[in-house]
**Student:** 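Please see the structure below; I have some questions.
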Amino acid sequence: MERDDFSREQKERLAAAWRARRAVVCPHCETRLVRDRVPTPEGVAYVRRRSWLRCPDCGRSLVADDPREAP
């Protein structure tokens, strides 16, 4: 079965919700997305901290920058 991916606008809204530390819910099936960390490669001086956010029900996913830590 072929599935649609998130639209560009949906990805932007989901990533913004993630960075704002709000619940991230799939706009297609209304299931809360689960998070897996994207591994940071060794030996790289600067790498963004990112998470893979995916819907366990429909399989759609996106990679988003993690929220920044408070100073």
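Computed from heavy atoms alone, side chains included, the values below leave out hydrogens, waters and symmetry copies.
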**Student:** For a quick test of reading the model, state the closest non-hydrogen atom pair linking Ala17 to Ala23 and the distance between them.
**Tutor:**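 In this case the closest contact between Ala17 and Ala23 is CB-O, 4.2 Å.
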
**Student:** Does Asp65 come within less than 4.0 Å of Arg49, counting only side-chain N to carboxylate O?
**Tutor:**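 No, no charged N to carboxylate O under 4.0 Å.
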
**Student:** Looking at CG of Leu33 and CG of Leu53, how far apart are the two atoms once the value is rounded to the nearest 0.5 Å?
**Tutor:**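 Here the rounded value is 6.0 Å.
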
**Student:** Would you compute the distance between atom SG of Cys26 and atom CZ of Phe6 and round it to the nearest 0.5 angstrom?
**Tutor:**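 Interatomic distance, Cys26 SG to Phe6 CZ, rounded to 0.5 Å: 4.0 Å.
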
**Student:** Might you work through the side-chain contact (heavy atoms from CB on, under 4.5 Å) test for Val24 and Arg32, ending with a clear yes or no?
**Tutor:** CA-CA 6 Å; Val24 184; Arg32 189 173 181 149; 6.0 Å; no

**Student:** Ignoring hydrogens, what is the shortest heavy-atom contact between Asp66 and Arg50? Give both atom names and the distance.
**Tutor:**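 Minimum heavy-atom separation between Asp66 and Arg50: OD1-C, 3.6 Å.
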
**Student:** When rounded to the nearest 0.5 angstrom, what distance separates CD in Glu30 from SG in Cys58?
**Tutor:**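 Result: 11.0 Å between the selected atoms.
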
**Student:** Answer yes or no: are there more than 12 heavy-atom neighbours, outside Arg35 itself, under 6.0 Å from its atom CZ?
**Tutor:**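 Yes, CZ of Arg35 has more than 12 neighbouring heavy atoms, counting only those of other groups under 6.0 Å.
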
**Student:** I need the minimum non-hydrogen distance between Ser51 and Val38, along with the two atoms involved.
**Tutor:**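 For Ser51 versus Val38, the nearest heavy atoms are C-CG2, 3.9 Å.
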
**Student:** What are the two closest non-hydrogen atoms of Pro67 and Arg19, and how far apart are they?
**Tutor:**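 Shortest heavy-atom contact: CB-O, 3.5 Å.
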
**Student:** Could you pull out the closest heavy-atom pair between Gln10 and Asp5, with the gap in Å?
**Tutor:**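 Of all heavy-atom pairs spanning Gln10 and Asp5, the closest is OE1-O, 4.4 Å.
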
**Student:** Does the structure place the NZ or CZ of Arg22 under 6.0 Å from the centre of the six-membered ring of Trp18, at an angle of no more than 45° from the ring's axis?
**Tutor:**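 Ring-cation test returns no.
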
**Student:** Do the side chains of Arg8 and Glu12 get close enough for a salt bridge, i.e. N-O under 4.0 angstrom?
**Tutor:**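 Here Arg8 pairs with Glu12 in a salt bridge, since their nearest N and O are under 4.0 Å apart.
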
**Student:** Could you measure the distance from the CG atom of Leu14 to the CZ atom of Arg60? Nearest 0.5 Å is fine.
**Tutor:**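 Here the interatomic distance stands at 11.0 Å.
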
